[in-house]
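Inspection log for the structure reproduced underneath, given as structure tokens.
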Amino acid sequence: MQHWLMKSEADCYSIDDLKQDKKTLWTEVRNYQARNFMRDMQVGDIVLFYHSNGGAATGIVGEVRVSKVGVVDPTQFDAASEYYDAKASKGKPRWECVEVQFVKKYENPILLSELKAKKQYQDMIVTQPGNRLSITPVKRKHFDLISKVGS
DNA sequence: GCCAACGTTGGC
DNA sequence: GCCAACGTTGGC
């Protein structure tokens, strides 16, 4: 089993939204690196849920579980969607996604400022300057630490 | 709201 | 296949 981190702006789709929905399709990713990481995911993998672009509240706010993999992202075929991709077809889809389920919301979210301040987190991808990737792999040691501190 | 970083597009 | 222009992300 592997661990991951997925970003979402809280205004757009927050951990509370997922708690309510119970599960959701992680659609609208239009970055090949992020898509490829989703392809590497397996059912049962645990993902750290990160609120991006949230000022002082930016950080890891909970955990979700991968419940389906290899789902074709339907928004790529929707001409009305801002995520429509004219180069994708049903026979040759470009974008795929996973389904995730709510696991838990942290009592103590781990803020980005804290991740950056503590040396044990400094080799995480999310703390690298200029990092914009919305889906990244997370090492076991980092996951265990964050899960313990956050829960 | 600014801007640095960086991914994508398209002309050549 | 290079690279300039452009768009987007996301921290600050």
**OP:** Mind checking side chain to side chain contact (heavy atoms under 4.5 Å, CB included) for A:Val43 and listing every partner two or more places apart, or none if nothing turns up?
**Re:** A:Val69

**OP:** Find the distance A:Ile60:CD1 to C:dG11:C1' and express it as a whole number of Å.
**Re:** 15 Å

Just distance, no hydrogens or angles: give the donor-acceptor pairs under 3.5 Å from side chains in residues 143-151 of chain A, sequence neighbours left out.
residue	atom	partner	partner atom	Å
A:Asp144	OD1	A:Arg140	NE	3.2
A:Asp144	OD2	A:Arg140	NE	3.1
A:Ser147	OG	A:Glu63	OE2	2.7
A:Ser151	OG	A:Lys104	NZ	3.0
A:Ser151	OG	A:Ser147	O	2.7

Mind listing the side-chain donor-acceptor pairs of residues 34-41 of chain A below 3.5 Å, one per line with the distance, residues two or more places apart or on another chain?
residue	atom	partner	partner atom	Å
A:Arg35	NH1	A:Arg94	O	2.9
A:Asn36	ND2	A:Tyr32	O	3.2
A:Arg39	NE	A:Glu96	OE1	3.2

Could you pull out the protein-nucleic contacts involving nucleotides 5-9 of chain C (nitrogen or oxygen on both sides, under 3.5 Å)?
residue	atom	partner	partner atom	Å
C:dT8	O2	A:Arg132	NH1	2.5
C:dT9	O3'	A:Arg132	O	3.4

**OP:** Quick one: pull up CG in A:Leu5 and CG in A:Leu133 and give me the separation to the nearest 0.5 Å.
**Re:** 9.5 Å

Original post:
Taking only residues two or more places apart in sequence or in another chain, which ones pass side chain to side chain donor-acceptor pair (under 3.5 Å) with A:Glu114?
Top reply: A:Lys118

Subject >> With A:Arg65 via side chain to side chain donor-acceptor pair (under 3.5 Å) - residues at least two apart >> reply: A:Gln101

**OP:** Mind listing the residues from residues 87-96 of chain A sitting with a heavy atom below 4.0 Å of DNA chain B? Number order is fine.
**Re:** none

Original post:
Can you name the residues that form a ring-ring contact (aromatic ring centres under 6.0 Å, His included) with A:Phe49, not counting sequence neighbours?
Top reply: A:Trp26, A:His51

Original post:
Can you list every ring pair (Phe, Tyr, Trp, His ring centres under 6.0 Å) pair that touches residues 55-83 of chain A, not counting sequence neighbours?
Top reply: none

